[in-house]
Amino acid sequence: MDAEMQTSARAADGTLFTTGELRPVDGGPGVLVHSRADHRLTVEHWLLSALPESSRRRAIEDWERDKLAVLPLGTLFSAVRLPGRLVLALSGGTMLSGEADQFLSEALGGGPVICDPRGHRYYALVPAGMPRTWHQAAEEWRTQEVDCLGRCAYLGVPRVDVEQPAVTAVSYWSVPMAPAAKLCAPLTVARLIAAGWHELNKRTDAEAEDDR
């Protein structure tokens, strides 16, 4: 059995996030190493399973044409919508500088995140049941412009290979999904939200002091 290793990310203010993940398996005899194309196909098939079979062809066409397909939430996965300013308060930089993407990858243990630069939002993909199991926390988060989206909600999901912001792409994978079905841990997302709003509140208090 693979030993668990600890990975960490440090926010701009020094906050340290630590997550556990399995050590990668070295390739060797009998171990199939998937190519990038194989990985893309595997992730696409997993994402498409959120749709009824009759709707999957349309989603594939949308990905090919628009680099974005709308998928339902709450069955295969859900999403936590994070305002850009919350993430940037911890990561520093701007939404398109790459610093926030790197920070989120480390802070969320490689869990998948979608960035919507036009809306100044990030979407952390989480287990489907999180809106239900974290219902009380989700109610509090709404006052902070954070929303836990599940059943009856839909999300524009970029094509798997759209990993950089581009004029032709509405959204991109801030943290690509690898492997398929690996999602952000709810507790880790909750800790990031708490740290982000702590930093924002601290800045607000400091600005209020300066105005006195």
Between V146 and I193, the two heavy atoms sitting closest are CG1-CD1, 3.7 Å

Would a 4.5 Å heavy-atom cut-off, applied to side chains only, mark W46 and P179 as touching? no

Single-linkage hydrophobic cluster V189~V175, side-chain heavy atoms < 4.5 angstrom: yes

N/O donor to acceptor pairs below 3.5 angstrom from side-chain atoms of residues 149-165, sequence neighbours left out:
from	atom 1	to	atom 2	distance (Å)
R159	NE	D161	OD1	2.7
R159	NH1	W63	O	3.3
R159	NH2	D161	OD2	3.3
D161	OD2	R40	NH1	3.4
E163	OE1	R36	NH2	3.3
E163	OE2	R36	NH2	3.2

Between M177 and L183, is the side-chain contact (heavy atoms from CB on, under 4.5 Å) condition met? List the steps. CA-CA 8 Å; M177 177 173 282; L183 299 168; 4.0 Å; yes

Decide yes or no on side-chain contact (heavy atoms from CB on, under 4.5 Å) for L192 and L82, but give the supporting numbers first. CA-CA 10 Å; L192 184 143; L82 305 167; 4.2 Å; yes

Residues in salt bridge (Lys or Arg N to Asp or Glu O under 4.0 Å) contact with D62, at least two apart in sequence or another chain: R58, R65

Residues that E53 engages under salt bridge (Lys or Arg N to Asp or Glu O under 4.0 Å), provided they are two or more places apart: none

Of all heavy-atom pairs between M95 and D116, which one has the smallest distance, and what is that distance? CE-O, 4.1 Å

Would you say V80 and L73 are hydrophobically clustered, going by side-chain heavy atoms of ILVMFWY under 4.5 Å? no

Is there a continuous path of hydrophobic side-chain contacts, each under 4.5 Å between heavy atoms, that joins L41 to I60? no

For a quick test of your reading: what N or O donor-acceptor pairs under 3.5 Å do the side chains of residues 122-134 make, sequence neighbours left out?
from	atom 1	to	atom 2	distance (Å)
T133	OG1	G129	O	3.2

With side-chain contact (heavy atoms from CB on, under 4.5 Å) as the test, would you mind laying out the steps for V43 and W173 before giving the verdict? CA-CA 13 Å; V43 174; W173 290 94; 5.6 Å; no

Is it true that atom CD of Q136 has more than 12 heavy atoms of other residues, nucleotides or ligands lying nearer than 6.0 Å? no

I want to check something: taking the side chain as every heavy atom from C-beta on, are V87 and L104 in contact at a cut-off of under 4.5 Å? yes

Can you name the residues that form a salt bridge (Lys or Arg N to Asp or Glu O under 4.0 Å) with E145, not counting sequence neighbours? R85

Can you measure from CZ (R57) to CG (L48) and round to the nearest 0.5 angstrom? 9.5 Å

Shortest non-hydrogen separation from A59 to L51 and the atoms involved: CB-CD1, 3.6 Å

Mind checking the CZ-OG spacing from R121 to S171? Nearest 0.5 Å is all I need. 10.5 Å

Kindly give the heavy-atom pair with the smallest separation between A100 and L88, and that separation in Å. CB-CD2, 3.9 Å

If you take all heavy atoms of A50 and T75, which pair is closest and at what distance? O-OG1, 4.1 Å

When rounded to the nearest 0.5 Å, the distance separating CZ of F77 from SG of C184 is 11.5 Å

Tell me who clusters with L68, hydrophobic residues only, linked when side chains sit under 4.5 Å apart either directly or through other members. V170

Any idea which heavy atoms bring L76 and S49 closest together, and the distance? CD2-OG, 3.4 Å

So, the side chain of T42 versus the backbone of D38: is there a donor-acceptor pair under 3.5 Å, distance only? yes

